[in-house]
Amino acid sequence: MTRKQKKQLYRILAAAVLFILALLLPLPPIGTLVGFLICYAVIGWDIVWKAVTNILHGQVFDENFLMIVATIGALCLGEYAEGVAVMLFYQVGELFQSYAVSKSRRSISGLMDIRPDYANVLREGAVSQVGPEEVTIGETIVVKPGERVPLDGVVTEGVSSLDTSALTGESLPRDVSTGSDVISGCINQSGTLHIQVSKEYGESTVSKILDLVENASSKKSKSEAFITRFAKYYTPFVVLAAVVLAILPPLLLQQSFAIWVERALTFLVISCPCALVISVPLSFFGGIGGASKCGILIKGSNYLEALAKTETVVFDKTGTLTKGNFAVSGIYPQGMTREELLELAAYAENDSSHPISRSIRAAYGKKIEPSRIQAVTEVAGHGIKAQVEGKMILAGNAKLMEQEQVAFEPLDQAGTIVYLALDGNFAGAILIEDEIKPDAAFAIRDLKTCGVHNTVMLTGDSKAVGQKVASALGIDAAYTELLPADKVENMEALLKHTQGNLAYVGDGINDAPVLARADIGIAMGGLGSDAAIEAADVVIMTDEPSKLPTAMRISKKTLRIVRQNIVFALGIKALVLVLGALGIASMWAAVFADVGVAVIAILNAVRALRVPKAEMIHAEKVSAIAKKEKAAV
C-alpha cells in the first residue's frame, strides 16, 4: 500500500469513528448536525475540492460533482446519516479502486522490470559505475553475474548464460561467448562478461521496449473510445434526468418535493460511471501486461482488440515459418556410401563461406584436414572444382555438370541441390533446405482453434519449395516466386475477400510494406531487431510462431472481460436507476450501484493480467524443443 493510500485509510477510520459517535451519542439536534458536518468535512473535503476545481476549469459533470450534489442535498433534507454514509462508503470504494489499479500496474511493471540502474564501464583500465545513458558506442562495459545487461553490444571477453525471460518469456537461458551479440534487459547468470557497446541507451532494445510499453495506453481500442464518448454524453444526461425527476413528478402528482428530491439525489449517486471509466482501460492494460509476460509486445489496446477479431493470417516464409538457415535434408550417393559422398562435399566446400557450404560442413561434423586439399577453383554461378588427395571433385548445380560433360541423374526434389562428381564420374547429390521451425506446424493448427479461417503463405521462393513447406505445415494457400511489390498486390486481393481482420506475420526486416498494409502487422523474431520493433504493431520477441495463437487467446480473454464489465456495470446501474426513481432503492443501494459495482468490475479487470497456465507450460515445451535442436546442430 502506498503512502497516499495509507493516509486515505487513516482518514476513513477517523471519519468512521466520528460517524459512530455522532450517530450514537445523545446530542441535541444542533450537536448532531455539527458532529455529522465535522465527519463530512474529514471524509469529503478532497471530493469537494476536486469538484470545485474541475468546475472552475470547465469540467462540470464528473463523479465528484455528482457526489457533492447528492450528499449535500441529503444533508439539506435532514438525512445527515445517509449523506455522510454515502461519502464515507464512496471513499472506501475509491481506496479499493486505487489499491486494485496500483496492484495491476505494479504487476505489469514487474513483468517489464528490465530498466538497468547502472553500467560498469571500463575506462583507462579501471571500472567505474555510471548511468547507462552516459556510455558511448565503442566503450567496453563489464557485466558481473547477477547483474542486468544495461546496453546492446558484442561480447569481447567471457562465457556465460543469459536469462532472457523478462524479454521473451523463455525460461531456458541463452549461452553467450566471445563474438556473441547481447541485448540490454537480460540478466547475466554465471561468468563475468566484457561487452563492447554497439548502441547508445536511447537506441537500445530495453529503451525501445520500455517506451513502447509505457505509451501503449495512448493507442485506444474501439471499446475504450466508446466508453470515453459514452461518459461525455452520459453524465450530463443523468444530471438533467435527475433535475426532471426532482421537479416534474411533484408538479404532476401533487406530491411533496422532498420525496422526489431525495429520489433524484439517489439517482445521481447511482449514475456515477466509475466502473466503466476505470475498469475498461484497466482490462486492456492488464491484457498487454499478460502478453508481455509471454514475450509478446503489443503496442496498444487497439491492436490487442484487432487480434481478437483476426480471421486471416498471412505468413512470410523465410525467417518466420522457417529458420532462415540451410541444412542438409537428403543425401543420395551413386556408387559410394552416404558418409563418403558427404565427406567429398565437405572437403570441396571447405574454403567457401556460402550458407550452403556451411550447412554441408555442419552436416559432416568432423574435423577437416586442410593438408588433404591441393587446389580449389570457384566457377561463378555454377559451383566449385577442388583437388583433394589428387582426385578432382566437382560440387555445384546442374549447369556445372553439363559444362564439365558429366552424365548425371537430375534429382526431382524441392530445395537446393548440390551435384557431385569424382574424377569425371557422377557421385551423387545432396539436398539442402531451409529448416522449418519446430513449432510452426503446431502454430498453424492452433490458429484454427482461435477462430482463424484462412492461413496463407507469401514467399519469393520457387513454387516447388513453397508448396512443399505449405503442405508440410497445413497452410491453406501459398503464393510463390513473389517480388516485394507482388506481395503487396496479393495482400490487397486478400483484404478484399476477408471478412474479419487480416494479420501479416513477417520478420520485420524486408516486409515493411506488407506489414504496413495489413490490418495488423506482426513481427516474428523481434528480439534485438530494430526493424521489427519499429515496423510492426505486435512483436513476438522470440522466433516461435506458436506465440501467435497465445497472443490471440490473450486478446480474446481480454475482450471477454471488457464485455463482462460493460454489461455488468450498465445492467446493474440501469436496474438500480429505475428502482431509485421509483423510490424503492435507497442511498445504500446507490452506494452499491456505484462503489460496489466499480470494485467488482476492477477486480474482474485485473484477471486480464493472469496468463493461462496451459499457455506457459506450452511455451516452455516449445522453448525446450528449440533449445535441443540448436544444441544438436
Side-chain angles (χ1 to χ4, degrees), residues 306 310-327 329 354-356 359 381 397-399 411-417 431-437 439-441 443-445 447-448 452-526 529-532 534-540 543-545 548:
T310 297
E311 294 185 7
T312 299
V313 179
V314 182
F315 292 92
D316 173 46
K317 183 183 79 69
T318 306
T320 302
L321 296 171
T322 63
K323 294 181 179 180
N325 60 308
F326 292 102
S329 61
H354 193 280
I356 290 175
S359 67
N397 54 27
K399 292 179 181 178
L411 187 63
D412 186 19
Q413 294 276 4
T416 300
I417 302 169
L431 178 64
I432 298 168
E433 295 178 283
D434 189 359
E435 292 181 274
I436 295 175
K437 291 180 181 178
D439 64 329
I444 301 300
R445 293 196 305 270
L447 281 173
K448 299 291 186 181
V452 173
H453 304 311
N454 190 26
T455 53
V456 180
M457 186 178 73
L458 304 180
T459 179
D461 276 346
S462 66
K463 183 175 181 179
V465 172
Q467 293 292 349
K468 183 177 181 180
V469 172
S471 177
L473 298 179
I475 291 176
D476 298 321
Y479 299 90
T480 59
E481 300 177 357
L482 301 176
L483 296 173
D486 299 329
K487 286 187 176 183
V488 176
E489 284 184 19
N490 277 271
M491 178 68 73
E492 296 285 356
L494 288 167
L495 283 166
K496 290 178 182 177
H497 298 92
T498 300
Q499 295 293 326
N501 288 336
L502 182 147
Y504 182 81
V505 190
D507 58 17
I509 296 171
N510 55 4
D511 291 314
V514 200
L515 284 168
R517 185 63 191 89
D519 293 320
I520 181 166
I522 302 171
M524 187 67 66
S529 169
D530 292 338
E534 294 294 338
D537 306 318
V538 177
V539 181
I540 306 293
D543 276 337
E544 298 166 339
L548 182 54

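Count residues from 1 along the sequence.
At most 12 non-hydrogen atoms from other residues, nucleotides or ligands lie less than 6.0 angstrom from NZ of Lys399. Annotation for Gln499: atom CD does not count as buried by contact number, only 12 or fewer foreign heavy atoms lying within 6.0 Å.
The distance from atom CD of Glu481 to atom OG1 of Thr459, rounded to the nearest 0.5 Å, is 9.5 Å. For the atom pair CD (Gln467) and OH (Tyr479), the distance works out to 10.5 Å, reported to the nearest 0.5 Å. Taken from CD in Glu433 to CD1 in Ile417, the straight-line distance is 9.5 Å, to the nearest 0.5 Å. Between the CD1 atom in Ile540 and the CE atom in Met524 there is a gap of 5.0 Å [rounded to 0.5 Å]. Atom CG of Asp476 and atom NZ of Lys448 lie 3.5 Å apart (nearest 0.5 Å).
Looking only at side-chain heavy atoms (C-beta outward), Leu321 and Ile475 come within less than 4.5 Å of each other. In this structure, Leu495 and Asp519 have side chains that are in contact, with non-hydrogen atoms separated by less than 4.5 Å. For the pair Asn454 and His497, the minimum side-chain heavy-atom distance is 4.5 Å or more. At a threshold of 4.5 Å between non-hydrogen side-chain atoms, the residues Met491 and Leu502 count as touching. Taking 4.5 Å as the limit, every side-chain heavy atom of Thr480 sits out of range of all side-chain heavy atoms of Val465.
Within the 3.5 Å criterion, the main-chain N or O of Thr320 finds a donor-acceptor partner in the side chain of Lys437. Counting only distance, with no hydrogens or angles, the side chain of Thr455 and the backbone of Val313 share no donor-acceptor pair below 3.5 Å. Although no hydrogens or angles enter the test, the distance criterion places a donor-acceptor pair under 3.5 Å between the side chain of Ser359 and the main chain of Ile356. A distance-only check finds a donor-acceptor pair linking the side chain of Thr498 to the backbone of Leu494 [under 3.5 Å]. Formation of a donor-acceptor pair under 3.5 Å by the Asp537 side chain with backbone atoms of Gly521 is found in this model.
Smallest separation of non-hydrogen atoms from Pro545 and Ala440: CG-CA, 4.2 Å. Heavy-atom minimum distance, Gly506 versus Asp316: CA-CB, 4.0 Å. Scanning both residues, Met457 and Val469, for their nearest heavy atoms gives SD-CG1, 4.1 Å. In terms of heavy-atom proximity, Ile436 sits nearest to Lys323 at O-CE, 4.3 Å. Closest approach of Ala478 to Ala470, counting heavy atoms only: CB-CB, 3.7 Å. The minimum heavy-atom distance linking Ile522 with Ala536 is given by the pair C-CB, 4.1 Å.
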>> Does Leu458 form a side-chain contact (heavy atoms from CB on, under 4.5 Å) with Tyr504? I'd like the steps, not just the answer.
In response: CA-CA 10 Å; Leu458 304 180; Tyr504 182 81; 4.2 Å; yes
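Applying the side chain to side chain contact (heavy atoms under 4.5 Å, CB included) test between Leu548 and each of Leu447, Thr310, Ile444 identifies Leu447 as the sole match.
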